[in-house]
Colleague: 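Pasting a structure here, questions to come.
The structure presented is a predicted model; accordingly, all values stated were derived computationally and were not measured. Protein chains get the first letters and strands the later ones, always in sequence-line order, with residue 1 at the start of each.
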4 protein chains.
Amino acid sequence: MEKKGIAIACRMDSERAIKLAKRIFEFLIKKGEVVYPETRIAPKILPHSGKDLKEMSSNDIKFLISIGGDGTLLRVANGLPQNDPYEPPPIFGVNIGSIGFLDESNERVVFKDLIPLLNGEYNIEKCSKITPYIVKENDEIKLNNALNEILIVSSKHSKVLQVSVRVNGVFLNRSYLDGVIISTSTGSTAYNLSAGGSIITPNTEIMQITPLNSFARSGLRPMVLPIESEIEIELLRPRLNAKIVVDGQQIIKNIQPNSLIRIRKANSETHLIRLSKNLYENYFKRIRKKIIGTVRVPLDDSPEE
Amino acid sequence: MEKKGIAIACRMDSERAIKLAKRIFEFLIKKGEVVYPETRIAPKILPHSGKDLKEMSSNDIKFLISIGGDGTLLRVANGLPQNDPYEPPPIFGVNIGSIGFLDESNERVVFKDLIPLLNGEYNIEKCSKITPYIVKENDEIKLNNALNEILIVSSKHSKVLQVSVRVNGVFLNRSYLDGVIISTSTGSTAYNLSAGGSIITPNTEIMQITPLNSFARSGLRPMVLPIESEIEIELLRPRLNAKIVVDGQQIIKNIQPNSLIRIRKANSETHLIRLSKNLYENYFKRIRKKIIGTVRVPLDDSPEE
Amino acid sequence: MEKKGIAIACRMDSERAIKLAKRIFEFLIKKGEVVYPETRIAPKILPHSGKDLKEMSSNDIKFLISIGGDGTLLRVANGLPQNDPYEPPPIFGVNIGSIGFLDESNERVVFKDLIPLLNGEYNIEKCSKITPYIVKENDEIKLNNALNEILIVSSKHSKVLQVSVRVNGVFLNRSYLDGVIISTSTGSTAYNLSAGGSIITPNTEIMQITPLNSFARSGLRPMVLPIESEIEIELLRPRLNAKIVVDGQQIIKNIQPNSLIRIRKANSETHLIRLSKNLYENYFKRIRKKIIGTVRVPLDDSPEE
Amino acid sequence: MEKKGIAIACRMDSERAIKLAKRIFEFLIKKGEVVYPETRIAPKILPHSGKDLKEMSSNDIKFLISIGGDGTLLRVANGLPQNDPYEPPPIFGVNIGSIGFLDESNERVVFKDLIPLLNGEYNIEKCSKITPYIVKENDEIKLNNALNEILIVSSKHSKVLQVSVRVNGVFLNRSYLDGVIISTSTGSTAYNLSAGGSIITPNTEIMQITPLNSFARSGLRPMVLPIESEIEIELLRPRLNAKIVVDGQQIIKNIQPNSLIRIRKANSETHLIRLSKNLYENYFKRIRKKIIGTVRVPLDDSPEE
């Protein structure tokens with residue numbers, strides 16, 4: 001069996017990210033690793049060495065280093081082969097200058113973090129994904145798998161959708177709203193949270209439906225369901241199209257009224273590399289630092305009498 | 001083996017509930033059933049026939065009919081034997097004049113509903129419960145099991161608690177807030193929802209931590225965790241006591257600063273009787289009617305051009 | 001002085017609205033009124049009788065009847081002359097098959113309501129408006145006046161804006177969010193409410209800034225200010241355009257990064273006709289029926305003991 | 001005319017606060033000022049020099065220095081004479097170890113801040129207050145004026161109130177909820193904000209009604225009204241008492257079902273000393289630092305492509 005390589009993907013629009021990608025490439029080469037830059041970044045690192053994301057299965061690639069932020073990591077997770085016939089390789093996210101909640105490392109500590117990584121001293125956070133389908137009569141058109149969320153949203157900023165929601169074939173309710181977010185656990189701290197959904201810890205097999213700016217009494221509230229559920233969203237409003245946005249990456253426009261969108265668990269997972277032994281320690285630290293914060297008042301602050 | 005009986009529990013403060021309890025008692029007796037009114041209601045139905053909740057195990061009782069609202073049902077679920085050595089009997093809730101989200105029937109349809117019930121034509125919704133413990137050095141003082149939620153709340157309406165939250169021994173954050181709700185799936189539509197938590201469908205093994213009126217930037221957000229997690233809430237603020245309220249039934253006052261409250265899955269379930277075949281159909285109907293509603297605008301309402 | 005006329009405007013995409021417009025037209029003609037259909041609807045009512053909205057000042061028109069929903073009324077309010085040199089005529093909204101919060105009447109009761117209207121037995125609800133300006137160096141490009149709200153929103157559904165907010169030249173904060181709503185009192189029950197802003201009663205000289213899905217800790221919260229304030233929103237994020245949407249009617253795309261949008265009180269009001277003597281009675285009834293509801297549990301519902 | 005004095009009030013439960021009070025006392029004496037410690041703190045500063053809050057009118061006192069946090073300042077504002085016959089003196093808040101949103105100074109900078117204060121180089125932020133009345137047949141029992149908010153809350157943590165809300169005699173709606181907050185502009189960043197109300201800038205003559213944990217569809221939403229409005233809250237639920245809490249200071253228990261609580265603008269203002277020339281600059285800085293924060297991501301953070 002041939003030696004497995006390490007892949008590098010990177011933001012294209014950031015000089016800082018590209019520079020860091022080069023330095024990581026050289027570092028890994030010196031360590032004797034086989035390194036594949038993603039095709040589009042290869043010309044800036046080592047011409048003719050590139051490999052497409054869809055050719056990077058876990059059969060050839062030990063892991064992929066994603067340099068950028070959550071956007072880069074989501075693009076990579078969407079572009080890697082989806083379990084067919086091989087699993088996608090695990091991803092090691094390196095954050096550069098943005099929130100980067102999903103990333104495990106950042107530009108300040110990455111070279112220190114690469115040591116345990118190369119020694120295989122890491123854990124895998126297995127992230128379930130979900131898949132949207134556009135239902136046409138008896139056909140389903142499959143869209144990309146979502147690591148974070150599927151957004152179904154009015155195509156006009158000033159016109160609310162009317163949608164009907166069903167779960168496992170059972171009618172839940174009809175609502176007026178800007179849109180509906182169907183989020184994974186992984187995506188629960190992203191758009192879902194901004195829209196009022198709950199945070200879901202990683203080790204749960206869960207989906208969440210969260211309404212986006214629902215009109216006052218329309219009633220849909222954030223709802224948590226087993227990820228094995230089948231969710232159906234039907235667009236009811238005449239003359240108002242919707243868009244589907246998968247992980248902020250794949251955008252399908254002009255979804256017609258009366259269309260049905262179905263969401264089910266994907267048959268593929270994304271594997272994220274975590275250096276901490278305890279997944280909760282890792283997760284809560286990222287939550288606290290990047291999402292919810294913590295009060296900094298002295299511990300002895302007492303109520304006034 | 002002796003014939004199993006049917007138990008009846010009832011609100012004491014409602015003449016309507018007591019009258020209905022009598023009529024149900026007589027109906028069941030005519031049908032040849034053995035019927036046990038709960039001790040406190042027995043004098044009003046058939047003196048000397050009473051039985052305490054804690055003596056009603058599934059060994060003797062086919063099911064218990066709870067007449068009132070969610071408060072009655074929660075009181076019953078708290079009072080029945082908790083899995084030791086027998087499971088508690090399943091509960092059939094009959095709502096009288098309030099929201100009664102957990103109830104399966106109501107005073108208008110109860111006699112029609114009793115027929116399939118007596119024929120054993122029903123499903124069981126199994127509801128996991130959670131237990132709070134007050135930790136004293138190396139000891140744990142166990143409180144009642146909660147079917148809906150455990151509330152830890154400042155003992156003064158005008159003074160916020162400062163709490164630290166840990167899950168499975170890992171620090172999450174410190175927050176200023178009126179209190180913390182730890183809710184089951186069953187309780188997710190109750191106080192948890194009023195406080196901003198998500199709805200959790202019944203078939204999930206989940207707990208939710210929801211802050212109660214957290215001070216602006218304190219950061220704790222509703223968070224969904226596996227029910228197998230161990231949650232620890234520590235009271236940090238000097239000179240400010242808290243209360244623990246279990247299902248709105250058991251109230252423990254004067255919890256001192258620096259106390260630690262631990263919450264774990266209970267070793268007992270509550271079983272609720274549902275007449276529908278499909279649990280989602282039953283659940284979504286109750287959600288839609290009693291909690292979230294649905295828009296009633298004509299289906300052909302289109303955006304104006 | 002010539003006799004003043006009555007204007008009629010109407011949704012074009014609803015047969016029901018157009019039919020009702022015809023019947024109202026005929027009713028008014030029989031009553032001896034001079035009636036002007038809006039130009040675009042005139043061919044369907046009485047060819048060659050049409051008049052453009054912008055020619056309908058209070059100098060010629062007693063009042064305008066708007067047949068449709070809030071969208072129609074907002075379009076009319078935007079299209080009428082804006083105080084130059086005459087005030088716009090007051091608007092009487094007639095709702096057809098949608099929420100129609102701003103409308104005073106509906107298709108079922110409109111002919112009954114026309115009697116006091118023709119007798120001048122009504123009150124005027126004076127609605128302050130706000131105006132957005134795009135600031136270019138030392139120039140301001142004025143957009144339409146808003147009766148409900150000005151929305152500044154990311155042009156990509158999956159990418160959050162970063163905006164800086166200033167009031168009267170003073171920096172408030174920087175936030176990540178989908179967008180910002182600046183709402184009038186009149187618009188406070190519309191998009192502002194869906195996004196989490198407060199309801200503002202009509203008789204207040206107030207604007208409200210409400211963030212749209214702000215990223216977890218970004219901090220901007222709904223904020224109420226005197227309508228005389230000057231709000232400035234600066235778009236900070238490189239390579240991400242925004243849109244401005246005025247009352248869901250005027251849409252300005254491709255607002256570039258580093259653009260500055262300024263909002264001030266408009267020099268024009270919209271006058272809405274109300275048949276009730278008491279503005280609160282009118283307002284609360286509409287709020288209760290169309291926006292917030294009221295509980296319907298019996299008054300004697302008591303807590304269970 | 002006699003020389004006016006400076007008053008000092010202070011938390012009693014904090015050694016740090018008392019020490020600072022002594023140092024400020026000595027500093028002011030050295031500067032030749034007449035200084036009056038509040039009676040309860042006087043024994044710890046200069047025995048027999050004390051003066052009660054209710055004797056400190058603006059006729060005798062230039063200003064009062066409040067040492068502690070918002071709790072201390074609210075206690076002082078409640079205890080000073082309320083406009084009868086003299087205005088209360090302005091208050092200069094010095095924060096010690098808590099949030100202290102209303103305070104202008106803190107222990108680190110207070111001695112620097114005392115210089116302009118003594119020179120009269122400051123502005124006054126005039127804060128309107130509101131007064132609750134318990135209505136008994138044709139009598140009104142007046143409670144304390146509120147600088148921040150009036151809270152009407154269920155006396156049992158597990159039982160929701162049912163209240164009816166009227167404004168200027170007009171029915172708004174009936175709701176199930178833990179309680180109702182009626183907040184001033186000044187109090188809008190306090191409990192009102194935690195409960196979901198909007199922030200109201202100081203220069204508005206406004207009250208806000210905000211529901212506390214309203215039951216899912218009960219409908220009352222945060223609502224902003226002119227401060228001249230008269231709000232009436234009626235307690236509807238049989239056998240459930242309420243408490244009224246004024247500014248977290250005055251607590252009235254055992255308010256019976258069917259009681260009516262009326263809220264009107266108070267005939268007294270609280271005057272807070274601000275050292276900045278521009279009230280917005282002062283206010284937004286405090287808001288940003290203590291309440292809403294600001295993002296700290298680099299300004300050049302762009303969306304990933």
Side-chain angles (χ1 to χ4, degrees), chain A residues 13-14 70-71 74 98-99 101 148-149 151-160 162 175-179 181 188-197 199 210-219 237-239 242-251 253 287-294, chain C residues 13-14 70-71 74 98-99 101 148-149 151-160 162 175-179 181 188-197 199 210-219 237-239 242-251 253 287-294:
Chain A
D13 59 354
S14 155
D70 286 348
L74 290 167
S98 69
I99 304 281
F101 176 70
N148 261 1
E149 82 279 306
L151 169 67
I152 299 162
V153 67
S154 170
S155 60
K156 293 191 187 171
H157 263 111
S158 48
K159 305 293 181 193
V160 288
Q162 191 190 153
S175 295
Y176 274 128
L177 28 65
D178 276 0
I181 300 163
S188 66
T189 49
Y191 203 24
N192 167 73
L193 186 66
S194 302
I199 297 173
T210 298
L212 190 64
N213 308 315
S214 66
F215 181 76
R217 300 185 66 206
S218 287
R237 226 170 168 199
R239 293 199 299 281
K243 284 187 219 175
I244 303 176
V245 185
V246 181
D247 275 353
Q249 303 290 322
Q250 187 187 23
I251 301 177
K253 295 183 182 177
I287 286 267
R288 197 166 53 241
K289 286 211 168 167
K290 300 182 173 183
I291 310 282
I292 67 171
T294 193
Chain C
D13 59 355
S14 155
D70 287 348
L74 291 167
S98 69
I99 303 282
F101 177 71
N148 261 2
E149 82 279 305
L151 169 67
I152 299 162
V153 67
S154 171
S155 60
K156 294 191 186 172
H157 263 111
S158 47
K159 306 291 181 195
V160 289
Q162 192 188 154
S175 295
Y176 274 128
L177 28 67
D178 276 0
I181 299 163
S188 66
T189 49
Y191 202 25
N192 167 72
L193 186 66
S194 302
I199 296 173
T210 299
L212 190 63
N213 308 314
S214 66
F215 181 76
R217 299 186 65 208
S218 287
R237 225 171 168 197
R239 293 199 299 282
K243 282 187 220 176
I244 303 177
V245 184
V246 181
D247 275 353
Q249 303 290 321
Q250 186 187 24
I251 301 177
K253 296 184 182 178
I287 285 268
R288 197 165 53 240
K289 285 210 168 168
K290 300 181 172 180
I291 310 283
I292 67 171
T294 191

Colleague: Below 4.5 Å from any heavy atom of chain A, which atoms of Lys156(C) appear? Answer side chain, backbone, both or neither.
Modeller: neither
Colleague: Contact part of Leu177(A) toward chain C, heavy-atom cut-off under 4.5 Å: side chain, backbone, both or neither?
Modeller: neither
Colleague: Once rounded to the nearest 0.5 Å, what's the spacing between atom CD1 of Ile181(C) and atom CG of Asn213(A)?
Modeller: 7.0 Å
Colleague: Can you name the closest pair of heavy atoms from Thr189(A) and Phe215(C) and give their distance?
Modeller: O-CE1, 4.3 Å
Colleague: Rounded at 0.5 Å granularity, tell me how far CG in Asp13(C) sits from CZ in Arg239(A).
Modeller: 4.0 Å
Colleague: Does any backbone or side-chain atom of Asp178(C) lie under 4.5 Å from a heavy atom of chain A? Answer side chain, backbone, both or neither.
Modeller: side chain
Colleague: What closest approach, in Å, do Ser158(C) and Gly248(A) show between heavy atoms, and which atom pair accounts for it?
Modeller: CB-CA, 3.2 Å
Colleague: Quick check on Ser154(A) against chain C: is it the side chain, the backbone, both or neither that has a heavy atom closer than 4.5 Å?
Modeller: backbone
